[in-house]
*Asks:* 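Below you will find the structure I want to go over with you.
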2 protein chains.
Amino acid sequence: MDFGAEGDPAHLRGGGGMKAATIRDVAERAEVSVASVSRVLNGAGPVTEATRNKVLEAARALQYVPHSGARSLSTSKTQTIGVILPDLYGEFFSELIRGMDVAARSLGYHLIVSSSHDDAEEASAAIRSMRGRVDGLIVLSPHLDAANLAAGLAGRTPILLMNGGAAAGRPSIVVDNHGGAVLAVEHLVATGRRRIVHIAGPAGNLEAEARLAGYLQAMARAGLPTSVVEGEFTQASGHAAGVALARREPRPDAVFAGNDNMAVGAMLALQDGGLRIPEDVAIIGFDDVPIASLVRPGLTTLRIHIAETGRSALERLVRLINAAGEAVADTACEIVRPELVVRPSSNPATPTEASSVPSNAGERLRALAETPSLKGENS
Amino acid sequence: MDFGAEGDPAHLRGGGGMKAATIRDVAERAEVSVASVSRVLNGAGPVTEATRNKVLEAARALQYVPHSGARSLSTSKTQTIGVILPDLYGEFFSELIRGMDVAARSLGYHLIVSSSHDDAEEASAAIRSMRGRVDGLIVLSPHLDAANLAAGLAGRTPILLMNGGAAAGRPSIVVDNHGGAVLAVEHLVATGRRRIVHIAGPAGNLEAEARLAGYLQAMARAGLPTSVVEGEFTQASGHAAGVALARREPRPDAVFAGNDNMAVGAMLALQDGGLRIPEDVAIIGFDDVPIASLVRPGLTTLRIHIAETGRSALERLVRLINAAGEAVADTACEIVRPELVVRPSSNPATPTEASSVPSNAGERLRALAETPSLKGENS
DNA sequence: CTGTTAGCGCCTTCAG
DNA sequence: CTGAAGGCGCTAACAG
């Protein structure tokens with residue numbers, strides 16, 4: 001043990017002040033080559049039980065941890081995927097990320113998130129800055145069209161589009177926003193509503209526009225006059241819209257908001273304006289974020305299994321990554337169809353006298369019926 | 001879409017099939033050395049206007065994007081920081097991450113998140129896997145104590161602890177959970193409540209335990225009998241607790257939940273059980289997540305400016321990173337003091353007859369008063 | 001089975 | 001001002 005007697009005090013510090021050990025340090029201490037160390041640590045290649053032990057013991061002694069950055073460089077695999085999103089507000093994106101994170105973990109990938117890109121240029125820069133640090137990208141930022149995407153990538157980084165603008169020929173996942181909106185309107189019409197207002201998402205947002213289009217079409221088909229208020233997908237904008245609507249004459253008898261965020265904001269505003277939900281005004285949102293079932297009355301909405309969608313998106317991207325070159329096969333645009341979830345906020349108008357009690361029986365009943373879902377979604 | 005008249009068919013594909021250009025490719029095309037390219041692209045070092053132009057133009061033609069992984073290896077700076085958290089459920093962590101993300105962006109850092117580590121071993125592995133891909137770590141996972149931390153790092157990766165277990169001698173940020181709990185109880189006592197039950201967070205969670213301890217101490221000081229129900233920080237567990245409490249005799253007149261999640265769950269259960277909030281039972285939570293102001297009645301809680309805390313945490317970590325070696329100065333444990341936010345859920349018991357209208361005047365008033373904050377928080 | 005040798009793509013002295 | 005050369009830490013052919 002000539003080398004063992006070195007007595008280097010720095011090593012004794014247990015990783016406190018020393019520079020991290022490299023594979024070479026381990027090799028020296030174990031008196032083998034770096035190749036052997038690599039082989040042992042990666043479980044690849046033939047190794048004697050003897051050297052294996054020497055390496056393992058040296059690695060432990062040095063508290064060696066492989067430098068994933070260096071490894072990435074030589075394998076050209078980072079085991080991390082990037083997610084480009086518009087911002088982190090609201091529950092939609094956090095749910096989505098949660099789903100992706102779960103999938104990523106189980107597939108051995110890391111997640112690197114990048115958000116709040118105001119314009120296409122900035123978003124494009126963000127995606128560019130990902131080169132060399134991710135194996136693939138999931139893009140949700142609505143600012144990125146096909147052109148900017150192309151400008152952003154030099155290489156063939158696999159990309160999964162989820163920003164509503166299904167660029168033809170690119171793997172993508174889009175929600176059937178139009179169809180969902182139609183379902184919403186049809187539900188309201190079927191339950192006796194006629195003066196149905198739509199609180200739209202921001203102009204330029206493809207999802208918002210598709211939902212708006214669906215509303216317009218369904219209303220036209222029902223022979224009803226349309227009315228659209230502009231919103232921004234935020235609770236605040238929904239609230240503002242609600243304030244305005246509460247004063248409008250004749251008062252709307254239903255509100256279809258472009259997403260749950262705005263629906264909740266509008267609901268609070270309408271309630272604060274003295275209107276009863278759903279007796280005076282029915283409300284329906286879009287997305288089915290967790291909060292939708294927690295507000296009172298519970299919010300009718302179009303359910304997208306958000307976390308589930310995120311999980312499946314990530315899995316598909318990983319498949320794309322592994323498929324590498326010949327993945328030209330997967331160029332499909334997967335469509336997620338929202339499902340109508342009826343909650344008390346859109347109950348058919350009930351007799352006026354019944355609505356003055358804190359909670360009518362019907363609502364109470366539904367609330368209880370919903371309870372189990374809490375467990376399923378949150379435990 | 002004229003990508004240049006070069007006529008290279010591969011390039012026309014808009015980054016479709018070519019392998020990404022390297023710095024060497026740029027150098028060759030510009031007929032200079034890689035060193036010059038590097039200098040130009042990094043704006044460092046003296047360069048002739050002529051070569052600078054040649055390089056720039058070559059880079060553009062090749063759609064060159066620097067490989068950040070490679071750059072990291074040579075500069076030993078990744079410009080990304082890792083966040084280790086227990087899970088992504090609920091609004092608390094998503095708010096926190098949002099705050100961090102904003103700060104990271106403005107400081108030129110990326111964020112890599114890693115969550116859902118069930119035990120200390122797994123969490124320790126996660127943090128180990130970060131070596132070489134982050135410049136620093138923010139640890140929120142409650143499973144990691146000082147020992148496991150030390151075991152995880154070989155080098156001197158800066159770490160900011162936020163898991164409630166302020167390891168002495170390590171930079172950390174902790175919430176004054178004990179003090180907050182005392183505030184909660186004192187508020188309830190001051191408004192006439194006596195049978196105050198605590199829904200505690202999971203045993204073993206330091207935050208949960210501190211809040212519990214605060215509750216016990218404040219109750220003792222007030223000369224009141226204590227009662228604790230176990231929860232898990234989830235809405236479901238809060239709901240379950242609420243169901244049990246609704247049946248209890250004598251009925252509690254106040255519930256202090258370990259966090260807002262559980263408070264909301266309990267509130268719904270109590271309401272569904274026919275109890276009125278706050279007339280029959282007052283409820284108070286902890287954290288002040290966005291949803292706290294959206295449920296009805298609005299939830300009284302202890303406000304932690306979550307996103308703000310996240311932002312400041314990230315900034316501090318970056319400071320630590322830049323301070324590099326001599327940072328032994330910052331070993332402090334920053335304390336975040338929660339602030340009591342009174343909302344209708346803990347209003348003093350009001351006359352019974354007033355409570356039968358859908359919303360009493362007082363609640364209505366407060367709801368309106370809260371509205372502006374929506375704008376600030378969500379726009 | 002093991003060691004040697006090239007790189008991965010970039011930055012950065014150090015001469016010229 | 002510019003180019004050549006040596007790493008950063010690791011993996012992956014090759015020879016032995």
Side-chain angles (χ1 to χ4, degrees), chain A residues 18-56 58-59 62-79 128-135 154-155 157, chain B residues 18-56 58-59 62-79 128-135 154-155 157:
Chain A
M18 250 337 245
K19 238 176 24 187
T22 76
I23 197 177
R24 192 142 37 209
D25 297 331
V26 177
E28 285 177 8
R29 194 185 218 278
E31 301 178 300
V32 298
S33 72
V34 293
S36 295
V37 176
S38 177
R39 279 192 274 264
V40 170
L41 266 32
N42 294 317
V47 196
T48 311
E49 191 59 21
T51 60
R52 138 173 258 90
N53 287 142
K54 283 196 299 185
V55 168
L56 255 27
L62 264 35
Q63 296 193 198
Y64 172 70
V65 177
H67 188 289
S68 17
R71 187 208 297 265
S72 298
L73 189 54
S74 58
T75 61
S76 52
K77 281 183 160 312
T78 62
Q79 291 300 108
R128 220 172 300 137
S129 83
M130 291 289 203
R131 143 133 151 109
R133 63 180 29 154
V134 301
D135 293 338
T157 311
Chain B
M18 254 332 247
K19 234 174 33 184
T22 77
I23 195 176
R24 192 145 34 211
D25 298 329
V26 177
E28 284 177 10
R29 193 185 219 277
E31 301 179 300
V32 298
S33 72
V34 294
S36 294
V37 177
S38 175
R39 278 191 276 263
V40 170
L41 266 32
N42 295 317
V47 196
T48 309
E49 192 58 20
T51 60
R52 138 174 261 89
N53 288 141
K54 282 195 298 184
V55 169
L56 255 28
L62 264 35
Q63 295 193 203
Y64 172 70
V65 178
H67 188 290
S68 19
R71 187 209 297 266
S72 296
L73 189 55
S74 53
T75 61
S76 53
K77 281 185 161 310
T78 62
Q79 290 299 109
R128 218 171 302 134
S129 83
M130 292 289 203
R131 146 137 150 103
R133 64 178 32 153
V134 300
D135 294 337
T157 310

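A note on names: the letters A, B, ... follow the listed sequences, proteins ahead of strands, and every chain is numbered from 1.
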*Asks:* At less than 4.0 Å, is any side-chain N or O atom of A/R131 found next to OP1 or OP2 of C/dC10? Yes or no.
*Replies:* yes
*Asks:* Kindly give the heavy-atom pair with the smallest separation between A/I23 and A/Y64, and that separation in Å.
*Replies:* N-CE1, 3.5 Å
*Asks:* Any donor and acceptor pair, going by atom type alone, linking the side chain of A/S38 with main-chain N or O of A/V34 inside 3.5 Å?
*Replies:* no
*Asks:* What pair of heavy atoms forms the shortest contact from B/P66 to A/R131, and how long is it?
*Replies:* O-CG, 3.4 Å
*Asks:* Of all residues at least two apart in sequence or in a different chain, which pass the side chain to side chain contact (heavy atoms under 4.5 Å, CB included) check with B/D25?
*Replies:* B/A21, B/T22, B/L62
*Asks:* Quick check for you: among D/dT2, D/dC10, C/dC11, whose closest atom lies nearest to any side-chain atom of A/A70?
*Replies:* D/dC10
*Asks:* Compare the minimum distances between each of C/dT4, C/dT2, C/dC8 and the side chain of A/V47, then state the nucleotide with the smallest one.
*Replies:* C/dT2
*Asks:* So A/T22, base contact, sugar-phosphate only, or nothing? Heavy-atom distance under 4.0 Å.
*Replies:* sugar-phosphate
*Asks:* Using a heavy-atom cut-off of under 4.0 Å over every strand shown, decide if B/R39 touches base, sugar-phosphate, or nothing.
*Replies:* base
*Asks:* If you check the A/A35 side chain, which of C/dG9, C/dT4, C/dT2 turns out closest?
*Replies:* C/dT4
*Asks:* Measure from the side chain of B/V34, starting at C-beta and using heavy atoms only, and say which of D/dC10, C/dC11, C/dT5 lies closest.
*Replies:* C/dC11
*Asks:* Closest nucleotide of DNA chain C for B/H67 versus for A/S33: which of these residues is on the 5' side?
*Replies:* A/S33
*Asks:* Base, sugar-phosphate alone, or nothing: which one does A/S36 contact when heavy atoms must sit under 4.0 Å apart?
*Replies:* sugar-phosphate
*Asks:* Between B/R71 and C/dC11, does any side-chain N or O lie under 4.0 Å from OP1 or OP2?
*Replies:* yes
*Asks:* Check this one for me: any side-chain N or O of A/T51 less than 4.0 Å away from OP1 or OP2 of C/dT2?
*Replies:* yes
*Asks:* Is A/S72 touching bases, backbone alone, or none of the nucleic acid, heavy atoms closer than 4.0 Å?
*Replies:* nothing
*Asks:* What is the separation between atom CZ on A/R52 and atom C1' on C/dC1, rounded to the nearest whole Å?
*Replies:* 13 Å
